[in-house]
Amino acid sequence: MSKVVKDKFKHLIIHAISFCINYLIFIFIMFFLSDNSTIGINIANLVAWIESMLFIFYIDKKYVPDLVDENNSRELFKFILVRIFSLIIEVMIIYIFIIILKNNYYLVKLISLILLFVFNNFYVKHINFK
């Protein structure tokens with residue numbers, strides 16, 4: 001197996017673990033949050049997102065060090081831009097399906113994370129590893 005394929009596989013596993021951690025943190029915060037308001041749901045989502053991005057950053061740096069050249073500001077900018085874009089997508093999904101349509105926030109969060117996992121996999125496959 002080539003190094004690029006191994007790096008892609010490692011990165012995919014890291015993202016899967018990160019999304020699981022994101023979901024568990026979201027559930028944990030929502031469990032202890034007595035107010036299931038728009039603000040509470042968005043705070044829980046933002047805290048979970050920040051934690052998962054920090055996890056991805058540090059684990060990628062340790063286990064997939066050749067993934068992004070830290071000296072190349074263009075690659076770093078793309079990485080940050082895609083992560084912020086994924087947060088915006090997730091906030092929009094949560095707003096539409098939880099706040100407006102009043103669906104179950106655990107199920108909506110899980111579905112949004114699966115969609116973002118696919119989006120991030122596309123990013124890694126077609127943009128980041130070129």
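Proximity of Leu46 to Ile50: side-chain heavy atoms (C-beta onward) are separated by under 4.5 Å at one or more points.
In plain terms, the two heavy atoms of Trp49 and Arg83 that are nearest each other are CZ2-O, 3.3 Å. In terms of heavy atoms, Phe26 sits closest to Ile41 at CE1-O, 3.9 Å.
Other residues, nucleotides and ligands contribute only 12 or fewer heavy atoms inside 6.0 Å of the CZ atom of Phe85. Around the CZ atom of Phe55, the shell of radius 6.0 Å holds more than 12 heavy atoms that belong to other residues, nucleotides or ligands. Other residues, nucleotides and ligands place more than 12 heavy atoms under 6.0 Å from the OH atom of Tyr23.
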(Q) Using the rule given for side-chain contact (heavy atoms from CB on, under 4.5 Å), can you reason through Leu113 versus Glu90, listing the C-alpha separation, both sets of side-chain angles and the distance that settles it, and then say yes or no? (A) CA-CA 8 Å; Leu113 285 174; Glu90 188 173 17; 3.8 Å; yes
Q. Taking it one step at a time, do Asn45 and Leu87 satisfy side-chain contact (heavy atoms from CB on, under 4.5 Å)?
A. CA-CA 9 Å; Asn45 185 51; Leu87 175 64; 4.2 Å; yes
Q | Test side-chain contact (heavy atoms from CB on, under 4.5 Å) applied to Met53 and Asn22, step by step | A | CA-CA 9 Å; Met53 289 305 109; Asn22 183 316; 5.9 Å; no
Q | Evaluation steps, side-chain contact (heavy atoms from CB on, under 4.5 Å), between Ile17 and Ile13 | A | CA-CA 6 Å; Ile17 293 169; Ile13 296 298; 3.9 Å; yes
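Leu24 and Leu107 fall into different hydrophobic clusters, where Ile, Leu, Val, Met, Phe, Trp and Tyr side chains are chained together by heavy-atom contacts under 4.5 Å. Linking ILVMFWY side-chain heavy atoms closer than 4.5 Å, directly or via other members, places Leu110 and Val118 in two distinct hydrophobic clusters.
Without hydrogens or angle criteria, Ser18 side chain to Ser52 main chain gives a donor-acceptor distance under 3.5 Å.
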